Amino acid sequence: MASAAEPRGPLRSSIMTRGLDRATHRALLYSMGWRAEHLEKPIVAVVNSFNELMPGHVHLNALCQAVKLGVAEAGGLPLEFPTIAVCDGLATGHAGMRMPMPSRELIADSVEIMITAHAFDALVLITNCDKVTPGMLMAAARLNLPALLLAGGPMDTGCFCGQRVCYNDLMEAEGRVERGQMSPEELARLEEVAVWGPGACAMMGTANSMNILTEALGMTLPDGALTPATSGARLALARRAGRAILELHARNLRPRDILTREAFENALAVDMAVGGSTNTCLHLPAIAHAAGVELGLEDFARAASRYPHLVLLKPAGRHFPLDFYNAGGVPALMKELLDRGLLRGDGLTVTGRTVAENLEGRRILDPEVIRPVASPLSPTGGIAVLRGSLAPGGAVVKRAAVAPAMLRHAGPARVFEQEEEALGAIFGGRIRPGDVVVIRYEGPQGGPGMREQLLPTSALIGMGLGESVALVTDGRFSGATRGACVGHVTPEAYAGGPIALVQEGDRIEIDIPAGRIELAVPAPELERRRAAWRLPERLALEPGSLLERYRRLVGPADRGCILG
């Protein structure tokens with residue numbers, strides 16, 4: 001690899017720092033402590049998504065300092081700026097959950113604005129949680145300047161009554177209190193230990209899913225996804241990232257050199273192998289779109305039939321991200337897939353080396369955590385795509401988290417116009433075994449913002465209904481969700497999709513192995529209902545508000561909720 005001290009071609013930042021007519025620009029930089037010799041170096045943006053509202057981000061300042069040290073060591077000038085970051089856990093269950101999906105676009109836009117306005121030469125993007133990682137990858141792909149991501153890593157597990165626990169256990173405990181199986185005092189003690197310090201929640205949620213897929217795409221250093229948040233190894237990784245970005249700049253190796261069609265195929269293979277969050281079906285297409293690659297729900301369907309499921313973490317299994325890391329991590333999983341002909345090894349990565357070169361010498365260290373391809377958890381992927389009369393455009397379910405008894409289910413619809421109504425019915429004991437809970441007008445336009453239905457799904461588990469009741473929605477789910485929970489139903493209710501026409505008691509049939517979801521209502525009756533259908537008045541929004549603008553611009557879930 002070329003030396004970072006020998007950048008290829010002129011510095012992009014020279015349009016801001018050189019020339020007679022740039023005296024005012026230099027003066028502004030001098031006023032902040034820099035001098036002429038600093039402006040001869042590549043200027044590297046260090047984009048820090050730290051805030052004091054998110055466990056996944058509260059430790060990022062230390063990583064940011066390590067990145068800047070690495071940049072300076074390698075001959076660059078690091079300049080830091082922030083982005084917003086929403087904690088889905090704090091936003092869930094109220095109007096705040098409409099904001100995470102719009103935040104993905106704001107993060108991408110804000111990074112693009114800052115990089116373009118200040119003529120940076122390269123960028124390191126420090127991320128960790130749900131919408132921040134895809135938003136930053138979208139910005140990197142759009143800008144197409146030398147870039148890499150550094151995640152904050154997964155948090156440690158908690159311990160309650162001698163058992164390892166995480167955020168997911170706490171969510172389901174609320175239902176156990178409602179049923180009298182746990183006391184409020186026990187719940188209060190669990191609250192204190194379930195979410196144990198800095199890092200992404202210790203499960204296969206969206207945060208860890210997207211960080212794993214970032215590594216699969218080649219946009220972070222090896223072991224960048226699962227090195228523990230509080231370890232010295234994470235700080236060392238951050239320092240290496242700072243040095244690596246200067247090497248990328250020296251080679252002029254850019255995101256679109258890495259984010260190829262083959263890279264996204266690799267990400268799909270890994271997604272199916274780990275049983276990632278269904279939110280990956282929203283984020284990978286959006287990242288691909290920014291990189292000029294077409295990716296849709298049909299690609300996930302093909303991947304599910306081709307790639308095996310090899311890793312089962314919480315909430316579906318008993319293992320945690322630290323177990324995955326100790327078993328060899330993402331590189332060991334990818335090496336297993338590569339050796340079995342299920343991964344492309346010739347694509348470039350942010351190390352400057354190919355995928356195959358990065359994986360040399362890696363192997364599975366614990367086959368109970370990372371199953372070999374020869375003995376998979378399932379020969380098909382951890383995410384399933386369903387289609388049928390209820391979801392002509394498709395729907396998704398985290399098959400890896402569905403109990404075997406619920407892979408096929410049929411029952412009467414219990415229809416709710418929004419999450420809060422459904423939650424009240426579940427906790428109120430009005431949902432019975434065999435039911436199919438339908439929550440609609442929660443899609444990207446209808447919500448708007450496509451709220452996660454984590455509270456209703458956790459309530460079903462906590463109320464003992466996880467293996468007898470299905471949930472169907474045009475909203476989406478948290479990675480913490482488990483059970484027969486079908487989301488992203490397209491077309492959504494707001495767009496007049498069939499889910500808008502479902503009535504109380506209609507029979508819904510779900511067949512996950514066959515990839516089907518059907519509304520058993522005769523076509524003439526559906527046409528009669530369609531003629532009478534009107535949007536609920538409560539969905540009206542203040543003209544010009546953020547959510548009203550998002551509603552007008554956002555595309556359907558099956559294409560990644562990309563703004564038009």
Side-chain angles (χ1 to χ4, degrees), residues 1-2 8 122-125 127 133-134 136-151 209-226 237 240-241 244-245 247-274 276 280 283-296 299-300 302-303 306-308 310 328-363 373 381 560:
M1 179 173 283
R8 174 183 171 183
L123 53 157
V124 177
L125 300 148
T127 179
T133 297
M136 287 185 166
L137 282 170
M138 289 161 63
R142 288 184 204 165
L143 291 160
N144 203 32
L145 294 171
L148 63 79
L149 267 71
L150 174 73
S209 294
M210 287 309 306
N211 291 336
I212 288 167
L213 296 191
T214 301
E215 189 167 342
L217 286 167
M219 284 298 294
T220 192
L221 297 178
D223 290 306
L226 294 177
L237 188 73
R240 290 208 310 276
I245 193 61
E247 296 174 341
L248 288 174
H249 180 263
R251 289 186 54 168
N252 198 30
L253 183 57
R254 300 168 181 249
R256 291 196 184 191
D257 300 324
I258 296 168
L259 294 172
T260 62
R261 177 73 199 189
E262 292 72 24
F264 284 99
E265 288 291 340
N266 283 352
L268 288 172
V270 171
D271 197 10
M272 296 303 154
V274 301
T280 64
H283 300 322
L284 277 181
I287 299 162
H289 178 76
V293 176
E294 286 301 313
L295 196 74
D299 295 293
F300 285 84
R302 283 194 293 269
R306 180 181 180 191
Y307 301 117
L310 305 178
V330 177
L333 172 67
M334 292 180 68
K335 185 62 162 63
E336 174 68 10
L337 293 170
L338 179 69
D339 288 347
R340 300 298 178 265
L342 297 173
L343 208 69
R344 290 287 297 269
D346 53 353
L348 288 172
T349 72
V350 293
T351 65
R353 306 171 75 207
T354 66
V355 171
E357 289 171 336
N358 284 346
L359 301 180
E360 289 175 1
R362 301 303 293 256
R363 61 184 180 86
V373 170

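The first residue of the sequence shown is numbered 1, and numbering continues consecutively from there. All values derive from a computational prediction rather than experimental measurement.
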Report task. Take atom CD of E357 as the centre, draw a 6.0 Å sphere, and report whether it contains more than 12 heavy atoms from other residues, nucleotides or ligands. Result ->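 Yes - once you tally the heavy atoms of other residues, nucleotides and ligands closer than 6.0 Å, there are more than 12.
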Using a 4.5 Å cut-off on heavy atoms from C-beta on, say whether the side chain of [Y] contacts that of [X].
X	Y	value
L148	M219	no
L217	L284	yes
Y307	D271	no
L221	T351	yes

Query raised in the report: Counting distance only, does the side-chain N/O of S209 pair as donor-acceptor with the main-chain N or O of G276 below 3.5 Å?
Result: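 Side chain of S209 to backbone of G276: no pair is present.
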Query raised in the report: Hey, is the main chain of A290 close enough, under 3.5 Å, to the side chain of R256 for a donor-acceptor pair?
Result: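 Present.
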Say you draw a straight line from [atom1] of [X] to [atom2] of [Y]; how long is it, rounded to the nearest 0.5 Å?
X	Y	atom1	atom2	result
H249	L145	NE2	CG	8.5 Å
E265	R344	CD	CZ	9.0 Å
L123	M136	CG	CE	9.5 Å
L268	T280	CG	OG1	8.0 Å
E360	T354	CD	OG1	7.5 Å
L137	L213	CG	CG	9.5 Å

Shortest non-hydrogen contact between [X] and [Y], atoms and distance:
X	Y	result
L343	L338	O-CD1, 3.4 Å
A225	E215	N-OE1, 3.0 Å
A288	L295	CB-CB, 3.8 Å
A241	V124	O-CG2, 4.3 Å
G352	L348	O-CD2, 4.0 Å
I245	A122	CG1-CB, 3.8 Å

Query raised in the report: Please walk me through it: do I212 and L333 pass side chain to side chain contact (heavy atoms under 4.5 Å, CB included)?
Result: CA-CA 11 Å; I212 288 167; L333 172 67; 5.7 Å; no
Query raised in the report: Is R340 salt-bridged to E336, cutoff N-O under 4.0 Å?
Result: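 A salt bridge is present here (some side-chain N lies under 4.0 Å from a carboxylate O).
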Query - Note: D299-R261 ion pair, threshold 4.0 Å (strictly below) - result: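 A salt bridge links D299 with R261.
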Query - Donor on one side chain, acceptor on other, T214 and T220, under 3.5 Å - result: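 Their side chains do not contain a donor-acceptor pair, so the 3.5 Å distance test is not met.
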Report task. Let me see the working for R362 and D223 under salt bridge (charged side-chain N to carboxylate O under 4.0 Å, His left out), right down to the final yes or no. Result -> CA-CA 11 Å; R362 301 303 293 256; D223 290 306; 2.9 Å; yes
